[in-house]
Every structure is written in structure tokens, then in C-alpha cells.
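In what follows, chains are A, B, ... by sequence order, proteins preceding strands, each numbered from 1.
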There are 2 protein chains.
Amino acid sequence: MNLLEDKFLRIAADHAPGQEVRQSTADIKIIGGEIPGTPVDFSHGDVDAFEPTPGSLEYFNEGVQIGGKQAYTEYRGSKDIRENLALKLANFTGSNINSDQNLIITPGTQGALFLAMGSTIGRGDKVAIVAPDYFANRKLVEFFDGEVVNINMNYFETKTSSGLDLTQLEAAFKAGVKLFLFSNPNNPTGVIYSQDEIRSIAELAQQYGATVIVDQLYSRQIFDNHLYTHLCAQNLLEPENLITIMGPSKTESLSGYRLGVAFGSSKIIDRMEKLQAIVSLRAGGYSQAVLNTWFSEPEGWLSQRIQQHQAIRDDLLTKFSAAPGFNVRATEAGSYIFPKIPELNIPIHEFVKVLRLQAGVTVTPGTEFGSQFTNSIRLNFSQDHKAAVNAVDRIIKVVELYRK
Amino acid sequence: MNLLEDKFLRIAADHAPGQEVRQSTADIKIIGGEIPGTPVDFSHGDVDAFEPTPGSLEYFNEGVQIGGKQAYTEYRGSKDIRENLALKLANFTGSNINSDQNLIITPGTQGALFLAMGSTIGRGDKVAIVAPDYFANRKLVEFFDGEVVNINMNYFETKTSSGLDLTQLEAAFKAGVKLFLFSNPNNPTGVIYSQDEIRSIAELAQQYGATVIVDQLYSRQIFDNHLYTHLCAQNLLEPENLITIMGPSKTESLSGYRLGVAFGSSKIIDRMEKLQAIVSLRAGGYSQAVLNTWFSEPEGWLSQRIQQHQAIRDDLLTKFSAAPGFNVRATEAGSYIFPKIPELNIPIHEFVKVLRLQAGVTVTPGTEFGSQFTNSIRLNFSQDHKAAVNAVDRIIKVVELYRK
């Protein structure tokens with residue numbers, strides 16, 4: 001097998017969220033009959049249940065009316081929109097952002113991640129990745145010929161922090177890791193890093209001269225007034241060694257517009273722009289105009305959205321906590337919940353297919369977030385409330401049928 | 001200097017079209033005064049002069065109304081839209097396209113190029129690139145750690161073909177080149193490859209087991225009823241070794257929606273989808289709906305658009321042909337013209353800055369298309385007709401001021 005073939009095997013997307021329709025299910029055997037109920041796709045949020053920010057389409061249409069200037073922005077995005085964003089993001093995070101040097105608009109936060117990783121990973125570089133963390137992180141390291149160094153997050157062992165193993169992280173830096181990527185709140189667990197953890201990460205990276213990329217995609221959707229610490233505002237890590245990523249695809253349901261931002265290191269942002277020039281030129285020009293709605297939502301809109309998600313979380317937590325053999329930590333931010341399920345007599349990849357065929361429920365297998373999570377599933381609970389709760393009942397029933 | 005730093009120097013975007021606003025012009029010295037006139041940016045088409053396809057925005061808005069299903073398509077794009085596109089593209093090119101296996105929707109043709117190259121270039125692979133050809137082609141090879149092998153196109157030496165040096169191409173295949181990428185019509189010259197050339201390319205690639213990627217971005221905008229040959233319809237090259245790229249960003253002025261397609265080899269399309277999953281997930285979901293307008297434009301719309309561009313081309317050709325020391329070949333398709341200008345006493349990169357500052361005219365330096373094109377400039381003449389013609393007068397004047 002040649003190197004390229006091998007690389008593409010390692011970045012397989014067969015079990016990625018949203019790709020389930022392409023899976024073969026011909027040889028899946030089902031025990032018992034169909035379990036009826038409204039189908040729920042927990043692999044991503046339902047933008048029909050939680051609609052895009054009010055006014056977003058109007059901004060898009062205005063973008064089209066502006067015409068050529070909006071269609072052909074600089075590769076790093078429209079100057080006016082970057083200026084507007086830099087102010088809002090500086091205000092939100094408590095950091096300094098120069099719109100001309102320190103910010104790039106990207107096609108989704110996925111685009112930002114790809115560009116940031118492509119701009120910082122050289123062949124053979126060791127990259128520290130949290131287990132569990134967003135499934136693309138590992139694949140990006142593989143694609144850029146880096147080497148993944150796993151840092152465990154023992155999220156069941158504490159309730160006051162993420163449980164990141166800081167000793168492992170320091171050992172990794174000592175062993176030559178020059179890049180650390182993590183999501184905060186963590187995807188898939190919904191756990192927020194404590195202030196102590198964030199400060200330790202920053203101090204360690206500074207001590208060992210490492211670069212940090214922090215994916216803060218869900219940092220606006222915080223439950224129970226939990227404390228959230230922006231690494232970029234700590235003044236502990238050299239700003240040129242830090243990139244922060246955000247975007248309006250989740251809480252704001254704007255994923256269909258493919259928008260994200262990265263801000264921080266001017267050197268890395270410069271590289272990201274060069275890479276963007278050959279990847280897709282720019283984030284869709286007209287879509288960029290939709291960023292004007294971001295951090296400018298109608299009064300009360302965000303708090304209501306948070307409240308509605310918290311209510312769904314509470315109901316799901318209650319269900320999973322009561323189910324025999326399940327273990328779950330409460331989501332502190334964002335729309336993910338990552339229950340550990342009892343041991344099954346079928347592999348997790350087969351279980352998620354069974355669940356979809358038998359009960360109309362789509363979830364993402366834990367193995368997407370780290371190979372050791374063979375008994376976990378991720379749910380994005382940004383769904384119709386009642387449908388989500390009923391679907392969790394069905395998950396628990398199907399687990400009962402296939403338990404060891 | 002480390003490898004990554006070196007790589008990013010090699011993919012510099014400083015002189016790329018649209019990035020001129022980021023250039024430093026502090027030390028540019030101008031001879032004589034400003035030459036007044038309506039500013040024209042020839043670095044890309046003017047979508048205010050030639051507006052997006054009628055109905056495009058309405059399709060986008062319908063996409064938003066469809067909601068979640070349209071926002072979260074498979075990574076390779078909406079199944080319904082792929083089915084519709086596969087029929088139209090098969091009909092246009094005279095080839096077979098299975099919508100499920102052989103087609104992917106991408107963020108612009110740039111996205112298609114990036115994904116196709118990333119799916120076929122292994123580290124150290126030799127890749128044949130035409131000189132001149134689209135500026136990103138070389139940068140993509142560099143980014144993926146391939147090695148560029150130049151194949152000359154002697155476009156001034158013939159009027160009945162592109163002038164591609166087929167002897168060089170065969171020598172390259174013999175020397176181990178396994179991938180050949182070219183644009184047809186050629187960007188920047190606007191030359192169409194003859195049927196003999198296309199068939200020879202296919203036969204050589206077949207003989208040496210090479211893969212071909214052909215970028216047909218401008219293949220709908222053909223002047224003077226010139227014959228256009230689709231490589232994918234020749235049945236000379238194993239279909240699994242061929243990818244064809246198209247998109248509605250140019251003739252159809254839909255660049256602001258960031259849409260492209262690649263079709264052909266199922267193996268390469270599969271890889272492209274995996275790569276898309278970590279690059280930007282998918283082409284913008286709502287934007288994909290705009291592809292329904294493609295190849296379904298109102299009766300007469302396309303022929304009128306071609307006629308209008310041909311009229312601009314004719315006027316520009318007349319001007320450049322009459323200018324002392326200029327040499328230009330007539331554009332046969334698309335909106336690019338690539339005149340060779342007389343030798344100047346300033347470098348081409350300085351000249352394009354002077355031209356912009358002194359005469360309000362933006363062009364792309366020939367060196368973006370191959371290092372040897374130090375005395376050529378590219379113009380995208382999809383502009384307001386009168387403004388374009390007047391701007392060419394100013395180009396000729398500025399050249400006169402700086403000639404050797």
C-alpha cells in the first residue's frame with residue numbers, strides 16, 4: 001500500500017456525523033422489532049428546531065445587493081466585517097485583536113481548524129490532542145503527516161474541572177510536542193476547563209515554547225452560570241503562539257452559511273490566509289455579511305436559547321442517570337452529551353447502525369473521539385425537546401436488547 | 001529556516017488577484033502624473049457589470065427555507081442536487097456520470113482543485129504543470145510536497161492548437177510523472193486545446209498509467225464557435241484516472257456563492273470527500289441550492305453573455321495589437337487575455353503597482369502563471385465594456401512611460 005492510500009484510510013469519514021446515509025447496512029441483524037418514534041438525528045443540531053439567528057438571511061441578501069465588493073473580498077475576509085468582528089470578539093474574550101493583522105474569516109470553524117493546523121504542523125511534528133476531543137483533530141494531524149500524542153481527560157473523576165492530565169501534557173511538551181490543540185468547552189463531553197487548568201496550559205506552553213490552538217466553538221452557550229476562562233485573555237502565553245477559533249454554526253444555527261473565525265498570532269494568520277488562497281480562496285463572500293448578526297442578536301435571544309438547551313440537557317441527564325449501567329457527566333456548555341453505555345455484545349459501530357435502523361435514532365460512536373471510547377456515544381441535543389427525550393428512551397431500550 | 005516556513009514562502013499570495021490592497025506601495029516612484037479614468041480591476045471579473053445568473057438568489061433563499069436538510073448535506077453535497085447536476089454535466093460533456101459515485105460538490109473550483117490535488121499527490125511525486133497555467137496549480141504541488149515538472153505551451157507559435165509541447169509531456173511521463181494537471185481553456189491565455197492535443201494527452205496518460213486533472217472552468221464561454229473537446233468523452237483514458245473540474249463562478253458570475261464540482265474517478269472522488277470532511281465539511285449548504293440554476297439559465301442568456309464578452313475581447317485585441325511592442329494571441333474562450341508587453345525598466349511586480357497607483361488599473365503579473373512570464377500581464381475582461389477599453393488605453397500609456 002502506498003503512503004497516500006494509507007493516509008486516506010486513516011482519515012476515513014465513514015462514521016463521521018452526517019455520513020450515515022452512505023453506510024452499508026445490508027448485513028445488520030436486528031433483535032426484536034422496530035421501536036417506533038419520531039426519528040432524531042443527534043449527529044448534529046437540528047436547525048429546524050433551533051432556527052438561524054433572526055435577520056441572518058436578510059444580511060445575506062444585502063450582501064448579494066452589495067455585489068462585486070462582497071463577492072470578492074480579500075482572502076482573509078471583508079475588511080469592514082473583520083473590523084466589526086474584531087471589536088466584538090475582543091470585547092467577548094477580553095483580549096486585543098487587530099482586525100488587519102490578527103483575524104481571518106474562514107469557511108466554518110472546520111475551515112479555521114484546517115487552516116490553523118496546516119499552518120503549524122510540519123512533517124513528523126508531534127502534536128498533543130486531548131482524548132476525548134473533536135474527531136477531526138486527529139485526522140488533521142494524520143493528514144499533515146504529524147504524530148498524535150494523546151493527553152487524557154479524566155472527565156468522570158472530577159466535577160470542578162475538565163480532568164485534563166496536566167502531568168501528561170508537561171511530559172508531552174518535554175518530549176518535544178510543539179503544538180497543543182483542544183476544544184473548550186470540550187467536544188464531546190460538554191465540560192469546561194477550569195481557570196486553573198487554562199492558566200496551567202498557558203504557563204506550560206509558554207515554558208516549553210509551544211503553540212496552542214483553542215477551539216472555543218461553543219463558548220457562548222454556558223449553563224448554570226459556569227465560569228468560562230478565555231486563554232487569550234490570560235497574558236501568560238506569548239500572543240504569537242496562540243490561535244483562538246470560534247464560529248456561529250452551533251448556538252446560532254448558522255452552519256448552512258459556512259462561517260468561522262480564527263484570531264491571534266499574526267504570523268499564523270498570515271500563513272492561514274496563504275493556505276486559504278489555494279484551498280477555497282475565501283469564505284463565501286455573501287455569507288460573510290451574515291457575520292454582522294453575530295454578537296448582535298436581539299435582546300434576550302441568546303439567554304432564551306441557553307435556557308431552552310439547558311432544559312433539554314436536564315431531561316436527558318435525568319434519563320441517562322436513571323438507566324442501568326449508564327454513566328454520564330453533566331454538560332456544562334454547548335449541546336453535546338457523552339454518556340458511557342453498558343458493555344454490549346456487538347461492536348459500537350454496529351450498535352449505532354442498529355439504533356438507526358431499529359429505533360430511528362442517529363448518534364455518533366465514541367470511537368470518533370478517541371479509539372478507547374468503545375462504550376460511549378455522543379448526542380447533539382440541540383433538537384426538538386420532546387422528540388429528543390423520547391429518542392433517549394429508545395436508546396436505553398436498544399441498549400437493554402444488546403447488553404452483555 | 002524550517003521546512004514549514006520555507007513552504008509558506010513558496011506559496012506566497014502577495015501578488016495573487018484580489019490581494020493588491022494588502023501590498024505595500026510606500027516606496028513606489030511614479031513618472032509623470034496620474035492618468036485619470038474609471039478604475040478597473042482586471043484581476044477578476046466584475047459581477048456588477050455581468051450579474052449573477054437570473055434566479056440564483058431565489059434558489060438560495062429556497063435553500064434556507066428547506067432548512068436543516070439543506071444546511072447539513074452529505075460532505076459530497078446534496079443527493080438531489082448531485083442527481084440533477086450529473087445529468088446536466090453528462091449531457092454537456094458527452095460522458096457518463098453516476099451521481100452517487102462520480103461527483104462531488106465543492107467550495108468553488110478552487111476547492112475542487114485543492115481536494116483533487118490533495119487526493120492524488122504524495123510526498124515527492126512529480127506533477128506535470130503547464131507553463132503558463134493558473135497560478136494556484138504550482139502552489140498546490142508545493143503545498144503537498146510534490147515536485148513541479150514544467151510543460152511549455154508555445155501559444156504564440158500556432159493558431160490552430162494550444163501549442164502544448166507534447167514531446168516534453170511524454171518525456172515527463174517517461175521520467176516518472178504520474179499526474180498531469182491543466183486548464184482548458186487555458187488560464188491565462190484563453191487558448192483552447194485542439195482535438196488532436198486532447199486525444200494525445202489522453203493517449204499518453206493511458207500509455208504511462210498517469211492520472212489527469214482537467215480544469216474546464218471556462219468551457220461554456222466559447223468564442224467564434226471554436227471546437228471544444230471534452231477529454232472525459234474521448235474514451236481513451238481509463239475513467240478511474242481522470243477528474244474533470246467545473247464551476248459556475250466565471251461565465252455565470254456566481255463566485256460569491258463559492259460553488260464548484262469535480263466528476264470522474266470514484267476512487268479519487270471518495271478521497272476528495274474524506275478530505276473535504278476535514279477541510280470545510282461541505283460546500284455551503286444553502287449555496288448548493290443555487291446549482292439548480294446551472295445549465296438551466298433562461299433561453300438566450302448564455303449566448304448573449306458570450307456575445308457581450310466577445311465584443312469586449314475584440315476591442316481589447318484591436319488596442320493591444322496596435323500598441324507598439326505588444327504581442328497578443330486572440331482569446332478563444334473565457335474572459336482572460338494575456339498580452340506580452342515590451343521590456344520595461346522596472347520589474348513586473350513594480351509595474352503592476354505603478355499601473356494601479358498611476359492609472360487605477362489592476363492587472364495580474366505574468367509571473368503568477370510561471371516564473372518566465374516576466375513581460376506578460378493577465379486581464380480578466382469580464383468588465384464594463386467602455387471602462388475596460390479605456391483602461392487598456394491607460395495600460396498602453398503607462399507601458400510607454402516605463403519602456404526600456
Nearest atoms (heavy-atom pairs only) where G256(A) meets A71(B): CA-CB, 3.9 Å
Proximal component of S249(A), with respect to chain B [non-hydrogen, under 4.5 Å]: backbone
Contacting moiety of Q276(B), where chain A heavy atoms sit under 4.5 Å: neither
Residue-level interface, residues 137-145 of chain A with chain B, non-hydrogen cut-off under 4.5 Å: K139(A), L140(A), F143(A), F144(A), D145(A)
E51(A) CD: over 12 foreign heavy atoms closer than 6.0 Å: no
Plane angle bin for F60(A) and F60(B) - parallel if under 30°, tilted between 30 and 60°, otherwise perpendicular: parallel
Distance flag, aromatic centroids of F114(B) and F114(A), threshold under 6.0 Å: yes
Validation row: V47(A), Y72(B) side chains within 4.5 angstrom (heavy atoms): yes
Check: Q19(B) main-chain N/O paired with E74(A) side-chain donor or acceptor under 3.5 Å: no
I121(B) versus chain A, the contacting section by heavy-atom distance below 4.5 Å: backbone
Heavy-atom donor-acceptor pair, D48(B) side chain to G68(A) backbone, under 3.5 Å: yes
Which atoms of F50(B) approach chain A - backbone, side chain, both or neither, heavy atom under 4.5 Å: neither
